[in-house]
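Just so you know, these numbers come straight off a predicted model, no measurement behind them. Naming: A, B, ... by sequence-line order, numbering from 1 per chain.
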There are 2 protein chains.
Amino acid sequence: MKEGPDIAQIGALIGDPARANMLTALMGGKALTATELAAAGGITLQTASTHLAKLEAGRLLAQRKQGRHRYFTLADDAVGKLLESIMGFAAGRGHLRHQPGPKEPALRKARVCYDHLAGDYGVRMLDSLVATGAIDAVGDGLAIGAKGEETFKCIGIDVADLKASRRPLCRSCLDWSERRAHLAGSLGKALLATFFDKGWARRTAGSRSVIFSPDGERHFLALFPVETPVAA
Amino acid sequence: MKEGPDIAQIGALIGDPARANMLTALMGGKALTATELAAAGGITLQTASTHLAKLEAGRLLAQRKQGRHRYFTLADDAVGKLLESIMGFAAGRGHLRHQPGPKEPALRKARVCYDHLAGDYGVRMLDSLVATGAIDAVGDGLAIGAKGEETFKCIGIDVADLKASRRPLCRSCLDWSERRAHLAGSLGKALLATFFDKGWARRTAGSRSVIFSPDGERHFLALFPVETPVAA
DNA sequence: TCCATACTTCGACCGTAGCCGAAGCATCTC
DNA sequence: GAGATGCTTCGGCTACGGTCGAAGTATGGA
């Protein structure tokens, strides 16, 4: 009793449906205003305001004032990682929403996980990168592989630049829909940003799902082939 | 909105202080009766009973009937891992209990994390194992190293036996007090069990903290030396 | 200056969930 | 059987937290 950190506090913060919906919306990685988050949570602006104040006090959220707007984001990627891991856990226990909804398949195929690519395509990409030796996988850890710098330079990413930041380059993130790892970290972020830049894919408004263009999808699948099923 | 798994459900389960205390108590790895858990939660037996029913329905807990006792444990090590990761997150945000209490230092030094060793000593052990090449660390992932099988055989652990189980051999677990990784997985479990078997250490009743005997501590420190500070 | 927009604070309402006393089962001991 | 122990269920109380309407504050634009 009364041992260690207070998990009840953050459990309670995440445990309210309206707050959970707002946090999930912010997993899309974009900064959202209080009004947008109110809609995401299915509540009025006043109620959202009190929730947002609590989430900020609990240091799950950060806010940035810009003119008369107030933009909220997840406080940092530790929050994103925590949420995704809870999602993975919840999915594994069958704690799913009641109605799967029409957007569900798109979400499972490809979605934004805070700032990197998740879903079927996210898992496929990591599998392919491991198979070609661009990334080394040891246990559940990831590191840049022998052919990594060369591979990513071809895609248009300078690994040396990324290494300069204090954020980990490669990080595995458990995918809740696939129940396998996908690539997070600054490299995962850079890859997703590149796909957007090249016009291969785009976000959808108000959702975490990522839509590939026909052309972009062709490029993506060619770039990350799956020859033989790779073991987890 | 309404995307993905329902994190609010499990957030709410963990979010109640009484339930959180009971879950924390079960992080000690031992099966506890409803009466013991009621004491851990600071509530009466009736209230505890309803809480336990909810936790079981949410598949966070498993129960085993034995005579007129009902023993509860965490449903599996995924629950333990989730709780420890939330603890790490909470500790990082300053969500600590109000009064640190006298047991806190012992808890930070060495404690049980579901079924393996955590705290200062847990982190020290992993650092030492990595330094000697018994375990390889890549990113945040762990794997058995070149000198691993030999090292662990000396301690009295047959790695081949452990590999037979479907549970991962090595797994890193973020330590909430040290904010660095310690060793989980079947190997972590086997090591802690060995320390208990050899009489080097013992659990304390009603707490997660692990107390080393003077003799056991000498052996432990000799077995896992820290020569140079190892980078995280 | 005046109004519109974005958001917060106040106040009141209400439902739910936690809580416990008492009673009801179940299991073991004698 | 009778009684003790471990736990669950029932019923009713209470309080906290979520909710929104209304009013208040800040920023931007006309």
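With sequence neighbours excluded, the residues forming a side-chain contact (heavy atoms from CB on, under 4.5 Å) with B:S213 are B:D215, listed by chain and number. The side chain to side chain donor-acceptor pair (under 3.5 Å) search around A:H116 returns A:H182, not counting sequence neighbours. Under the side chain to side chain donor-acceptor pair (under 3.5 Å) criterion, A:Q46 pairs with A:T44, sequence neighbours left out. Residues passing the side chain to side chain donor-acceptor pair (under 3.5 Å) test with A:R93 are B:D76, sequence neighbours excluded. Shown here are the side chain to side chain donor-acceptor pair (under 3.5 Å) partners of A:Y121, two or more places apart in sequence or in another chain: A:E217.
Residue pairs meeting the salt bridge (charged side-chain N to carboxylate O under 4.0 Å, His left out) criterion with at least one member in residues 54-70 of chain B, sequence neighbours excluded, do not occur. Among residue pairs with one or both ends in residues 156-167 of chain A, those qualifying as salt bridge (charged side-chain N to carboxylate O under 4.0 Å, His left out) are A:D77-A:R167, A:D115-A:R167, A:E149-A:K163; sequence neighbours excluded. The stretch residues 12-69 of chain A participates, sequence neighbours left out, in these ring-ring contact (aromatic ring centres under 6.0 Å, His included) pairs: A:H69-A:Y71.
Protein chain B contacts DNA chain D over a range whose 5' and 3' limits, counting nucleotides with an atom under 4.0 angstrom from a non-hydrogen atom, are D:dA4 to D:dT9.
Atoms CG (A:D16) and P (C:dG15) sit 17 Å apart, rounded to a whole Å. Going from atom CD1 of A:I43 over to atom C1' of C:dG15 covers 17 Å, rounded to whole Å. Separating the CG atom of A:L32 from the C1' atom of C:dC7 is a distance of 15 Å, rounded to the nearest angstrom.
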Can you tabulate the close N/O pairs, meaning under 3.5 Å, that link protein atoms to atoms of nucleotides 1-5 of chain C?
unit_1: C:dT5; atom_1: O4'; unit_2: A:R68; atom_2: NH1; d: 3.4
unit_1: C:dT5; atom_1: O2; unit_2: A:R68; atom_2: NH1; d: 3.4

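Taking every heavy atom of residues 46-65 of chain B and every atom of DNA chain D, pairs under 4.0 Å involve B:Q46, B:S49, by number.
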Under 3.5 Å, sequence neighbours excluded: what are the donor-acceptor pairs made by side chains of residues 187-198 of chain A?
unit_1: A:T194; atom_1: OG1; unit_2: A:A190; atom_2: O; d: 2.7
unit_1: A:K198; atom_1: NZ; unit_2: A:I155; atom_2: O; d: 3.2

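By the 4.5 Å heavy-atom criterion applied to side chains, A:L142 and A:L169 are not counted as neighbours.
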